[in-house]
K.L.:
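Attaching a single structure in C-alpha cells format; questions to follow.
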Amino acid sequence: MYSQAFRQLNILVLHGPNLNLLGKREPLIYGSVTLDSINRLLTEEADIIGIRIECLQSNHEGVLIDAIHDSCDKYQGIMINAGAYTHTSIAIRDALSAVKVPTVEVHLSNIYQREPFRHHSYIAAVAIGQISGFGAQSYKLGLHALVDHLRNER
Ligand code: DQA
C-alpha cells in the first residue's frame with residue numbers, strides 16, 4: 001500500500017524580479033552570492049534531507065502566477081522570494097491563496113529594517129511563515145522550515 005509518509009516531497013522554489021542579478025546587485029544589501037549558487041546550495045540541501053526541489057526565476061508577475069497555478073498537482077510546498085512583488089502584488093497573493101499549496105516566504109535582507117514601503121508583505125498573510133534578513137541562509141532556513149512543517153503535517 002502506498003504510504004503518504006514515504007511520498008517524496010517536491011518543493012517549488014520561486015525567485016521574483018531582479019533576483020537574477022544577485023551577486024552584482026547592491027551587494028551591501030543582498031551579498032555577493034549569485035542566484036546559481038543559491039540554487040546549488042538548495043539542491044545540495046534537498047539531497048541531504050531527501051526531498052526534490054525545482055527552482056524558477058522570473059521578472060514577470062504572470063509567469064510566477066502561472067507557476068503557482070501549475071504547482072497544485074506537482075508540489076507539496078512552495079518557497080518564494082517574490083522580490084519587490086512582495087510589496088505590490090495582490091495577484092501573487094491571490095494565486096497562493098487559491099492553490100493552497102503550503103508556502104514559506106523568504107527574503108535575503110531584513111525588509112523591516114529598510115524603507116517603509118518594504119515593511120508590508122501581501123504574501124505574509126497567506127504564508128505559513130516568513131524568514132527575512134539572513135542573506136542566502138534565509139533560503140536554507142526557509143527550506144527546512146517548510147519541510148519540517150510538511151513532514152509534521154503527515
Ligand atoms: C527582497 C526584498 C525586497 O524588498 C526587494 O524588492 C527584493 C529582494 C530580499 O530578498 O531581500 O527584490 O525580496
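Both counts, for ligands and for their atoms, begin at 1 and track the order of listing.
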K.L.:
Checking the N or O distance criterion of under 3.5 Å, is ligand 1 in contact with Val106?
P.N.:
no

K.L.:
Relative to ligand 1, is Glu115 under 4.0 angstrom through side chain, backbone, both or neither, heavy atoms considered?
P.N.:
neither

K.L.:
Any heavy atom of Arg25 closer to ligand 1 than 4.0 angstrom?
P.N.:
yes

K.L.:
Would you check whether Thr86 has a nitrogen or oxygen atom less than 3.5 angstrom from a nitrogen or oxygen atom of ligand 1?
P.N.:
no

K.L.:
Are the aromatic ring centres of His120 and Tyr122 under 6.0 angstrom apart?
P.N.:
yes

K.L.:
Which residue supplies the protein heavy atom nearest to atom 3 (C) of ligand 1, what is that atom called, and how far is it?
P.N.:
His87 NE2, 3.5 Å

K.L.:
When you compare ligand 1 with Leu19, is there at least one nitrogen or oxygen pair between them that comes in under 3.5 angstrom?
P.N.:
no

K.L.:
I need the minimum non-hydrogen distance between Leu19 and Gln57, along with the two atoms involved.
P.N.:
N-NE2, 4.1 Å

K.L.:
Below 6.0 angstrom between ring centroids: does that apply to His60 and Tyr85?
P.N.:
no

K.L.:
Looking only at heavy atoms, what is the nearest atom pair of Ser109 and Arg114, with distance?
P.N.:
OG-NH1, 2.9 Å

K.L.:
Under a plain distance cut-off of 3.5 Å, with no hydrogens placed, do Glu54 and Tyr75 share a side-chain donor-acceptor pair?
P.N.:
yes

K.L.:
Considering non-hydrogen atoms only, spot the tightest contact between Ala91 and Glu61 and give its length.
P.N.:
CB-OE2, 3.9 Å

K.L.:
Report yes or no: does Tyr85 have a heavy atom closer than 4.0 Å to ligand 1?
P.N.:
no

K.L.:
Considering heavy atoms of the protein only, find what lies nearest to atom 11 (O) of ligand 1 and give residue, atom and distance to 0.1 Å.
P.N.:
Ser109 OG, 2.5 Å

K.L.:
For Asn81, which part has a heavy atom under 4.0 Å from ligand 1: side chain, backbone, both, or neither?
P.N.:
side chain

K.L.:
Looking at every heavy atom in both Asn39 and Cys55, which two are closest together, and how far apart are they?
P.N.:
OD1-SG, 3.4 Å

K.L.:
What residue and atom, counting heavy atoms only, is the protein's closest point to atom 9 (C) of ligand 1, and at what distance?
P.N.:
Leu108 N, 3.4 Å

K.L.:
What verdict does the side chain to side chain contact (heavy atoms under 4.5 Å, CB included) test give for Ile78 and Val104, after you've listed the backbone C-alpha separation in whole Å, the side-chain angles of each residue and the deciding distance to 0.1 Å?
P.N.:
CA-CA 6 Å; Ile78 297 175; Val104 166; over 6 Å; no

K.L.:
Counting only heavy atoms, which portion of His107 has something under 4.0 Å from ligand 1: side chain, backbone, both, or neither?
P.N.:
both

